[in-house]
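Chain letters run A, B, ... following the sequence lines, proteins first and then strands; every chain starts at 1. All heavy atoms count here, side chains included; hydrogens, waters and symmetry mates do not. Since this is a predicted model, take the numbers as computed values, not measurements.
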Amino acid sequence: MAEPNVGDTFIPALYKPSALLPIAQHREALLYTIETYPVTIVVGQTGSGKTTQIPQYMEKAGWCSDGKSIAITQPRRVAATTVAARVAEEMRCQLGQEVGYSIRFEDVTSSKTRIKFLTDGLLLREALVDPLLSRYSVIMVDEAHERSLSSDILLGLLKKIRKKRADLRIIISSATLDAENFLRFFASDSSEKKAQGKDDNTKDIGRIISLEGRMFPVDIHYLIDPVEDYVERAVQTVLDIHSKEPAGDILVFMTGREEIETTIDRITDRVQDLNPRLQTLQALPLYAGLPTDQQMYVFEPAAENTRKVIVSTNIAEASVTIEGIVYVIDCGFVKLRAYNPKTGIETLTAVPVSKASATQRAGRAGRTKAGKCYRLYTESAFKSLEESTVPEIQRSNLAPVILQLKDLGIDNVARFNYITPPPSQLIIRALELLFSLGALDTYARLTKPLGTRMAELPLEPMLSKALLQAVAPEFNCLSEMLTIAAMMTLQGTVWVSHNDNRKAEDHARRKFAVEEGDHLTLLNAYHAFVTKGKKDAKWCRDHMLNFKALTKAVSTRNQLRKHLERFGIDVSESLYGQEDVVRVGGRDKAERIRRCLTTGFFAHAARMMPDGSFKTVDGGTTLWAHPSSLMFNRKADWVIFHEVMETGEKTYIRDVTKIEKDWLVEYAPEYYRVQQR
DNA sequence: GAGCACTGC
């Protein structure tokens, strides 16, 4: 086999006839196992060909002959689309015919589609309509070891479905560490089997198949002594590699934007002191918040006689693959989200990575040839790391998950088949919130129609409640709430901030500013966009609005409107021409919108203190308006807010709107009786 | 007076 060329834009697998992939030797074994057992766990690294080949093997072996198809789930949209394209190419068919994909807003499938790639979240949505997922003969859950919220729920659901569908075949792709765990999960059964003294039936349920990946060895280097300032150490290591090591690009893992910028500044400063005969060193940032055009630079091959250094967040650990990386520098930390059920506050804090994560990072150095990984911590520190990252389901606000489970007909959410159960406090808090929103009744059953409709909308529960209330005559602001909901899903990406240009951004925002707060400001920005800037990227640039984000808001709004129409809600659009009412003298409408928002966000209420900070209703937490909020520099009394996030020292609220205190008791009497106890 | 790891419906 030829060595793949360094610098190739495509990953080697694309150039290999599929018969040469390592997986080809396992074809018979795979087909036999899948035929024989309900569950197959496939262990294989990137490059093993599992995602592209297994579906083709299954299709050729006749698993689609009865009109059913094969589903392969992916945790990310981009993976679903690109893998589908590659398989279509290998099968020499047009994408959307025999091979297709389905992601939110894009369904590229047809009645002929036999192999369908889709996001795990979307397959869960399909289960709402088709509870046994009966249109599929095979369901493959790819990258299950990432333990995303959706794939965890999907596994629990598949375990349940399996008992009712003997014909269904389940394939789980996983990293080595978790394979046994996944198999045990499917084998472990409820009380009946245990009563028969049959505890372990893993052998009847499934098998694990290991595939070798296409990976080159990576030399791991540790620090001898721990280091205080890993940013500084990373900079030194980059410069050392550049002066002493052969050609090859460098990938540095940092925790966030600020560290990334510091690292790049220092590298750029000090590279000038190095031997002028060395190659040029080009440092590039990569994080999700970076505008897309700037993200693209990291994928371009470096100019001649230039070595690239990419300083990235965790996005480069699994979501994104950069070719040509030979050296990895791992700071050993990652920013993780955690949810405190007592306060309802999410925190974002840098914590040590897990061993699994550190291994994945190191592996990024061995994709094109043998590489090196420099860990900015000691070997003993590595040994004391957790084996794997705490799954999302154990550190998230579970209200959306519980709502979805209830709609799937799972009444006892505490006893659902979780592969790892969430702490009961998280479940209790979610049930309480859903009850106070009116989505659940006193028996914790989904209410009709409110609860079921909330579950079916692709929005978080507080927002779907506010949207569904907007149709009530006392609020009568459905069109506006549709827009506000769509804009809120953009999570702060509405305005583009070019570096060092925050003042201009603030200035641009002020043009759309509405006294009552951020939600009405977003409404204004959207109206201006659809009337003036929809086809005009320049208009957006002039107003510092994010063209892509607003275009997405238009899609989201359309999708939400279709959901409402399906519910039989009349969405007569009369919004155009109404924007001036909101903006100039439309006090009544603005108040109705604010009241309507309060019906959903009463649990996110706070009062401004004389020093400009906010206090939660129970008085326990001090919050600050996020600098991106209008309330950052304005006076208010009571407010509701969309999100609260603790970063570093301070706890910030985003998307803030003024309300009246009385509205809280008016729209959430039970909730505030409990709170004021 | 000053800032946001990453996904997904």
Exercise for the section: Scan side-chain atoms only and decide if A:Arg557 and A:Thr483 contain a donor-acceptor pair under the 3.5 Å cut-off. Expected result: yes

Verify the contact: side-chain N or O of [X] to OP1 or OP2 of [N], cut-off strictly under 4.0 Å; return yes or no.
{"X": "A:Arg77", "N": "B:dC9", "answer": "yes"}
{"X": "A:Thr119", "N": "B:dC9", "answer": "yes"}
{"X": "A:Thr313", "N": "B:dC6", "answer": "yes"}
{"X": "A:Tyr287", "N": "B:dA5", "answer": "no"}

Candidate nucleotides [options], ranked by approach to the side chain of [X] - the nearest:
{"X": "A:Arg76", "options": "B:dT7, B:dA5, B:dA2", "result": "B:dT7"}
{"X": "A:Lys650", "options": "B:dA5, B:dT7, B:dA2", "result": "B:dA2"}
{"X": "A:Ser319", "options": "B:dT7, B:dC9, B:dA2", "result": "B:dT7"}
{"X": "A:Pro627", "options": "B:dA5, B:dT7, B:dA2", "result": "B:dA2"}
{"X": "A:Phe632", "options": "B:dG8, B:dC4, B:dA2", "result": "B:dA2"}

Under 4.0 Å between any heavy atoms, over every strand shown, what does [X] touch: base, sugar-phosphate, or nothing? Just pick one.
{"X": "A:Tyr652", "value": "sugar-phosphate"}
{"X": "A:Gln491", "value": "base"}
{"X": "A:Leu122", "value": "sugar-phosphate"}
{"X": "A:Thr349", "value": "nothing"}
{"X": "A:Leu124", "value": "nothing"}
{"X": "A:Asp120", "value": "nothing"}

Whole-Å distance between [N] [atom2] and [X] [atom1]?
{"X": "A:Leu286", "N": "B:dC6", "atom1": "CG", "atom2": "C1'", "answer": "12 Å"}
{"X": "A:Lys635", "N": "B:dG1", "atom1": "NZ", "atom2": "C1'", "answer": "12 Å"}
{"X": "A:Asp152", "N": "B:dT7", "atom1": "CG", "atom2": "P", "answer": "18 Å"}
{"X": "A:Ile653", "N": "B:dC4", "atom1": "CD1", "atom2": "P", "answer": "14 Å"}
{"X": "A:Leu290", "N": "B:dC6", "atom1": "CG", "atom2": "C1'", "answer": "15 Å"}
{"X": "A:Glu261", "N": "B:dA5", "atom1": "CD", "atom2": "P", "answer": "10 Å"}
{"X": "A:Asp518", "N": "B:dC4", "atom1": "CG", "atom2": "P", "answer": "16 Å"}
{"X": "A:Gln74", "N": "B:dT7", "atom1": "CD", "atom2": "C1'", "answer": "13 Å"}

Problem - Non-hydrogen side-chain atoms of A:Ile115 and A:Ile72 separated by less than 4.5 Å - result: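 Contact flag for A:Ile115/A:Ile72 side chains = yes.
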
Exercise for the section: Taking the side chain as every heavy atom from C-beta outward, state whether A:Phe512 and A:Leu522 have any atom pair closer than 4.5 Å. Expected result: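 No, side chains not in contact.
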
Handout entry: Residue whose closest nucleotide on DNA chain B lies nearer the 5' end, A:Thr255 versus A:Ser102
Key =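 Between the two, 5'-proximity favours A:Thr255.
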
Handout entry: 5' precedence on DNA chain B between A:Ile315 and A:His626 (nearest-nucleotide basis)
Key =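 Closer to the 5' end of DNA chain B: A:His626.
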
Exercise for the section: Keeping the roles fixed (side chain from A:Thr263, backbone from A:Val231), state whether a donor-acceptor pair exists under 3.5 Å. Expected result: no

Exercise for the section: Classify the side chain of A:Arg125 and the base of B:dC9 as holding, or not holding, a donor-acceptor pair under 3.5 Å. Expected result: yes

Practice task
If the plane angle is over 60° it's perpendicular, under 30° parallel, otherwise tilted; pick one for A:His519 and A:Phe601.
Solution key: tilted

Practice task
Flag the pair A:Tyr230 / A:Phe333 as yes when their ring centroid distance falls below 6.0 Å, and as no otherwise.
Solution key: yes

